[in-house]
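Below, chains carry the letters A, B, ... as their sequence lines are ordered, and counting in each starts from 1. Only a predicted model underlies this, so the values are computations on that prediction, with no experimental measurement involved.
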2 protein chains.
Amino acid sequence: MNIGDVANKTGLPAKTIRYYEEIDLIKPLRDTNGYRQFRDQDVHKLAFLGRARTLGFTIEDCRALLALYEDESRASADVKRIARDHLSQIEAKIADLRAMRDTLSHLIEACAGDTRPDCPILKDLGGKS
Amino acid sequence: MNIGDVANKTGLPAKTIRYYEEIDLIKPLRDTNGYRQFRDQDVHKLAFLGRARTLGFTIEDCRALLALYEDESRASADVKRIARDHLSQIEAKIADLRAMRDTLSHLIEACAGDTRPDCPILKDLGGKS
DNA sequence: CCTTGACCTTCCCGTGACTGGAACCCTCAT
DNA sequence: ATGAGGGTTCCAGTCACGGGAAGGTCAAGG
């Protein structure tokens, strides 16, 4: 299979697939004309990576998860630890964003949003209570 | 005032302050020895920028907000539009993260996390329901 | 007067995970 | 022969800085 077909199958852009090869996440074969030849296992790995990325795992997490995936004698505790660490990062981000959202939405509510210059948003940013 | 004092006052790293000058957000004066000389207005702008950044506005948003801040004849509608656009981006991010969190936490709950290789997390990533 | 240490300066590279684009090669149909 | 539509490599850019090197400046102490 050529890279275009794999891109279609996995939903990953060809650029991303090449990038994943460059950083040694996958090692597709090469045809005599220099084209990448993807086996089913490559496609499967790419699907795995795509799914892990949509769950927000970093590339390095993905690398570790992929290694565990291929290791028949893994301990599920290792997988779970990676996932839990990631989850706590996500929760921290959500908390940050929620704080921003709350502040922002209050300010927006307080702003008339008309042609006059008076603006509580700018007042807040300017540090004037 | 030198950059260190300003960094202390505003809580922004000196590196960040230099960067903000480089991209023309602020224009501090220069002393004869080449040191940056910050006026109160510079410090005030930096505080404004710091606050806007903690609310998650991009640098370009900050540039626009700063321009409006300095424009006495602004319309608060312009400020509000920027803030609302930003708010909707934040909400989109929160939604994304929540989806990740929900999926992840279910998977983590289902994973024994012991020495056995069997792992629902990897099963999900591998696409095997 | 000299040194020490804490400042300050510029400059360049690295980050994460790609994306865009240039310049070029391969293949097949017309 | 030519054109369209694949593929290839390589380089630059993204965003908002942070790290670190190499060197100039300043105030205090010996």
* Test B/E21 against B/R18 for salt bridge (charged side-chain N to carboxylate O under 4.0 Å, His left out), laying out the working first. => CA-CA 5 Å; B/E21 184 192 17; B/R18 292 195 193 99; over 6 Å; no
Scan nucleotides 1-7 of chain D against the protein and return all N/O pairs shorter than 3.5 Å with their distances rounded to 0.1 Å.
residue: D/dG6; atom: N2; partner: A/Y35; partner atom: OH; Å: 2.9
residue: D/dG7; atom: OP1; partner: A/G4; partner atom: N; Å: 2.3

* **Rounded interatomic separation in angstrom, taking OH from A/Y19 and P from D/dT9** => 16 Å
* Asked: Any side-chain heavy atom of B/L122 within less than 4.5 Å of one from A/R74?
  -> yes
* Quick one: are A/F38 and A/K9 in side-chain contact, heavy atoms under 4.5 Å? -> no
* **Salt-bridge criterion met for B/K45 and B/D42 (N-O under 4.0 Å)** => no
* According to a 4.5 Å side-chain heavy-atom criterion applied to Ile, Leu, Val, Met, Phe, Trp and Tyr, with indirect links allowed, do A/V43 and A/I26 form part of one hydrophobic cluster? -> yes
* **Any B/L46 side-chain heavy atom under 4.5 Å of B/L49 side chain** => yes
* Asked: Would you say B/R63 and B/I23 make side-chain contact, with heavy atoms under 4.5 Å?
  -> yes
* **Helical bend (five base pairs per end, nearest 10°) for the helix from C/dC1-D/dG30 to C/dT30-D/dA1** => 40°
* Does a side-chain heavy-atom distance below 4.5 Å link B/R84 with A/L104? -> no
* Asked: Side-chain contact, heavy-atom cut-off 4.5 Å: B/L107 with B/L125?
  -> no
* To do: Determine, stepwise, if the pair A/K93 / A/D96 fulfils salt bridge (charged side-chain N to carboxylate O under 4.0 Å, His left out).
  => CA-CA 5 Å; A/K93 266 189 205 165; A/D96 281 1; over 6 Å; no
* Scan residues 53-63 of chain B against DNA chain D and write down, sorted by residue number, each residue with any heavy atom closer than 4.0 Å; if none is found, say none. => B/R53, B/T58, B/I59
* Asked: Hey, does the side chain of B/T16 come within less than 4.0 Å of D/dA16's phosphate (OP1/OP2), counting only N and O?
  -> no
* Asked: Side-chain contact, heavy-atom cut-off 4.5 Å: B/D31 with B/R36?
  -> no
* Asked: Under 3.5 Å, side chain of B/N33 to main-chain N/O of B/Y35, donor-acceptor pair present?
  -> yes
* Scan for side chain to side chain donor-acceptor pair (under 3.5 Å) pairs involving residues 111-121 of chain A, sequence neighbours excluded, and state none if there are none. => A/D114-A/R116, A/D114-B/S76, A/D118-A/K123
* Fit a plane to each ring of B/F48 and B/Y69, take the angle between them on a 0 to 90° scale, and name the class: parallel (under 30°), tilted (30 to 60°) or perpendicular (over 60°). => tilted
* Under 4.0 Å between a side-chain N/O of B/Y20 and OP1 or OP2 of D/dC17, yes or no? -> yes
* Asked: Whole Å only: how far is the CE atom of B/M1 from the C1' atom of C/dC8?
  -> 16 Å
* Going by heavy atoms closer than 4.0 Å, what residues in residues 21-33 of chain A are next to DNA chain D? -> A/R30
* Can you check whether A/T103 reaches B/R51 side chain to side chain, under 4.5 Å on heavy atoms? -> yes
Below 3.5 Å between N/O atoms, which protein atoms pair up with nucleotides 20-24 of chain C? Just atom names and distances, please.
residue: C/dG20; atom: N7; partner: A/K15; partner atom: NZ; Å: 3.1
residue: C/dG20; atom: O6; partner: A/K15; partner atom: NZ; Å: 2.8
residue: C/dG21; atom: O6; partner: A/K15; partner atom: NZ; Å: 2.3

